[in-house]
Each structure stands twice: as structure tokens, then as C-alpha cells.
Peer 1: 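Please see the structure below; I have some questions.
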There are 2 protein chains.
Amino acid sequence: MPAKDTGTEQLIKATAKRIFFAEGKLHATTQDIANAAGVNRAALHYYFRTRDQLVAVVFNESMRELSERLGTVMASDQSFKEKVRELIAVFMKEMTAYPYQETFLVTEINTSGMDLVKGINEVPVNAFLDEVETEMNTGNIEKMPPRHFLMNLFSLLSYPVIMSPIYRQFFKMSQEDFAQLLAEREQLIYQHIFK
Amino acid sequence: MPAKDTGTEQLIKATAKRIFFAEGKLHATTQDIANAAGVNRAALHYYFRTRDQLVAVVFNESMRELSERLGTVMASDQSFKEKVRELIAVFMKEMTAYPYQETFLVTEINTSGMDLVKGINEVPVNAFLDEVETEMNTGNIEKMPPRHFLMNLFSLLSYPVIMSPIYRQFFKMSQEDFAQLLAEREQLIYQHIFK
DNA sequence: TTTTTGTTTAACAAAATTGTTTAAATAGAT
DNA sequence: ATCTATTTAAACAATTTTGTTAAACAAAAA
């Protein structure tokens, strides 16, 4: 139970997130994390006691932030079009910074059971789904079961980023060229929805 | 170098794939795998020498099979519509059986470097992309850069399956109900492409 | 049946990873 | 200056995971 927060605790946490979420190294050891953060491994235990607890903290924060990101945009005081535009912008930015965040979450859930995911903030997803349905009835977007609209949107945003190491191989593209390809998608997805 | 093949080697490999690809337990130990296969852990070393080599074998087979699945459909002697229909069917079936196969591949690549992915069979992806472009010019499908068409297709097929533990939470759906939701997508995706 | 060969197992050894402890050094705050 | 909390280093212990070995076992060949 440290009292002063000199930033080391945050540094360790941020580094763990970088390794797990950005570098996709899901098997990273406490030594890996300590090295990357430039701190002694004992500091990691000083602040988090065990590896499992560090992972739990990272998991919970990540899950909460994900819910909040989603909730904030969905419940924002904007037109539907603006909401979708912001959803795309916010999540594309997040995916680019942290491609493997969802992969980490799902892997942890698969390892430790669905209990992990309990006690997560409510997300106003149903209200948003109603809004989606309204837009479909108005003819502004293609008709389909609203939950599929939402899954489609996130699929288009996320999957190519996550699978970039494989796609780059299939397409024989450099890191830079593929990043360029991904950057095109923000426009593309928006236009595809509101064509 | 075992001579007789009693099936144990295949059993161990198949079990490892089940744990990694189907259950998504990417941190599984040799003991986990041996237990699940119902064999002594030493048998695992007898056939694969080390954990790393077992993982390498699983990785390479998975990568090769993925390429072949893709290549077989893309280079098949069928109309474009039929190819797309088969792509959807084949990959939806594969995703349902092995949701975390790609996740495993990418995690391994992130852990061990892109070298892993070298020496993979050529996939006739460029020929297929040309075909996609032709179909766009004919007006059969919506116009966009062909590579995005391909990424979109696989995104829509794969991502909801992979993220099912998270989506089930957001949508508050049971395992069965969500499986039903996913089953709807095969039709949905096909119709969306050829609307 | 004995031998041979390949398979499987239990027990053991080695290595890697995690967690603890102590002492000393550092740095801020009072 | 003293006090308190933080950080490091280093050594160590405990645990987990991996890897090895020798013996038991099974099945087919000689």
C-alpha cells in the first residue's frame, strides 16, 4: 500500500500495457516488464505484490476504459452521424495505439473464466441500438439487425489492425505501406455506412 | 525420431491445437496439454523434444493450412459469386471450430519476430484481387480498393467470433443466443456483398 | 521364447520465473 | 536535520515449468 505516488507505479502499469497491448507480447514475464520500464523487478512487487495482481489491475482498467470510451460516445449529445464518425475516429486511434488490447482481454477471460468480466460498468448499448434501428427505418443506413451493424462496424475497424502481421505477409507489403492502407479505412468505413 | 505412429503424436498435436485455437488458452503449459490429451508429459517430449518445437510445428501447420484453405478457394474453377460464397462458408466453419487460430499465429509472430512467417506457400491473392476489381467494374459489387474488400470480408467473418466473450458481456447474451447471432452472419455477409 | 524395437511412464534434474527479505541509498516533506 | 516513503541491489527461497533418464511395458520379429 504505497502512499506517495511518484509515478513509478503508473510507469510500470503503462509499460505493462505497452508490452501487452501495443507489442502483443502476451507471455511477457515480470522481468520483461521491469526491464522495459527501467525499474528493478522488486519495484513491481512493491506496487503490485504479484504478477497476477498486476495483470488483474491492467485487465480491469482496460475493461473499464473500453466501456467508458464506448459509453461516452454512444450517450453523447450528437447526431447519429456524428456519433458514428466519432466512434470510428476514437476506436481507430485506439486500435492503432493498442492493437492487442482486446486480444489480451479475451485471452485473459479464456484463461481465467468469464467471472473476470463481472462488475463492469453498464454501457448504454441498447439505447444506441434503438437509435441504429431508427436510422435504418429512416433509410439513412442499410437495414439489418442492429447488433450486426455494431459488430460489423467494430470488425471493420479492428480486425485488419490486429491481423496486420499476417496480412502484410499475404499482401507482401512493408510496415509503412500497410499502415497507409489502414489509414485509408477510416474514410472508407464512414462512406460505406452512409453511402 | 519415432518410427511407429500409434496416433499419440497426432493426438498431442490435435490437443495442442484445440487448447490454443479453440479454447484460446495461449499460456497453456506442457502439463496442460498432456493432461488434456490424456498422456504422460514425457510423451510430449518424446515426440516433440521441447515445448518450443511443439509450438513451432503447430504454428507452421496452421500457417500452411491457412494459406492452402485460402489458395484452394481463390484459385478454384468457379464463378466469383461461388468463390465468395465458399470463402464465407469455409472460413465461417473454421472460425467456429478454431476461433483463436489467427490470434495464436499473431501472438507467436509478435513474440518471436516476423521470421517465423517466412517460407510460407504462395497464395494467389493477386489473381483474386484482379478478379475482385473486375467484378467492381462490372458493377456486381461495390467499388473500393480490392484489398479493402478482402480485409472487410475476413473482418466481418472473424472478429465477432474472436471477441465473443466481450460482446456477450456488452449484449448480455447467453452462449447459445450469441452462437445463434453469429450463425445469422453467413447469410447476412453474403447478401451485403451482392446486394 | 527370447530379442528387438519402439512406446510410455515415474522419478529425477535443471532451468526459469516468481516472490521475499534485507540493507543501503535516495529523495521529499515536515 | 529528521522522518518517512520510495527505490535499488543483491541474495535467497519457493514455485512452476521444462527437460532428461532409466526402467517398465507392449508388440512384433527372429
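In what follows, chains are A, B, ... by sequence order, proteins preceding strands, each numbered from 1. Model, not experiment: these values are computed from the prediction.
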Peer 1: Please check if the side chain of B:N110 supplies one atom and the backbone of B:T107 the other of a donor-acceptor pair under 3.5 Å.
Peer 2: no
Peer 1: For DNA chain D, which residues in residues 26-39 of chain A have a heavy atom at a distance below 4.0 Å?
Peer 2: A:G38, A:V39
Peer 1: Rounded to the nearest angstrom, tell me the gap between atom CZ in A:R41 and atom P in C:dT20.
Peer 2: 11 Å
Peer 1: For C:dT8, does OP1 or OP2 lie under 4.0 Å from any side-chain N or O of B:Y46?
Peer 2: no
Peer 1: So, do A:Q191 and B:M144 sit near enough that their side-chain heavy atoms are less than 4.5 Å apart?
Peer 2: no
Peer 1: Between C:dG6 atom C1' and B:E9 atom CD, what is the distance in whole Å?
Peer 2: 13 Å
Peer 1: State whether A:N40 places a side-chain N or O below 4.0 Å from either non-bridging phosphate oxygen (OP1 or OP2) of D:dA9.
Peer 2: yes
Peer 1: Where the side chain of A:K83 meets the backbone of A:M74, is there a donor-acceptor pair that is under 3.5 Å apart?
Peer 2: yes
Peer 1: Regarding B:R64 and B:E68, does a basic nitrogen lie under 4.0 Å from an acidic carboxylate oxygen?
Peer 2: yes
Peer 1: Closest to the B:H45 side chain: D:dT8, C:dT18, D:dT18?
Peer 2: D:dT18
Peer 1: Closest to the B:R49 side chain: D:dT20, C:dT8, D:dA10?
Peer 2: D:dT20
Peer 1: Taking the six-membered ring of A:F194 (Phe, Tyr or Trp), confirm whether the NZ or CZ of A:K81 is under 6.0 Å from its centre and within 45° of its axis.
Peer 2: yes
Peer 1: Under the ring pair (Phe, Tyr, Trp, His ring centres under 6.0 Å) test, which residues partner B:F178, sequence neighbours left out?
Peer 2: none
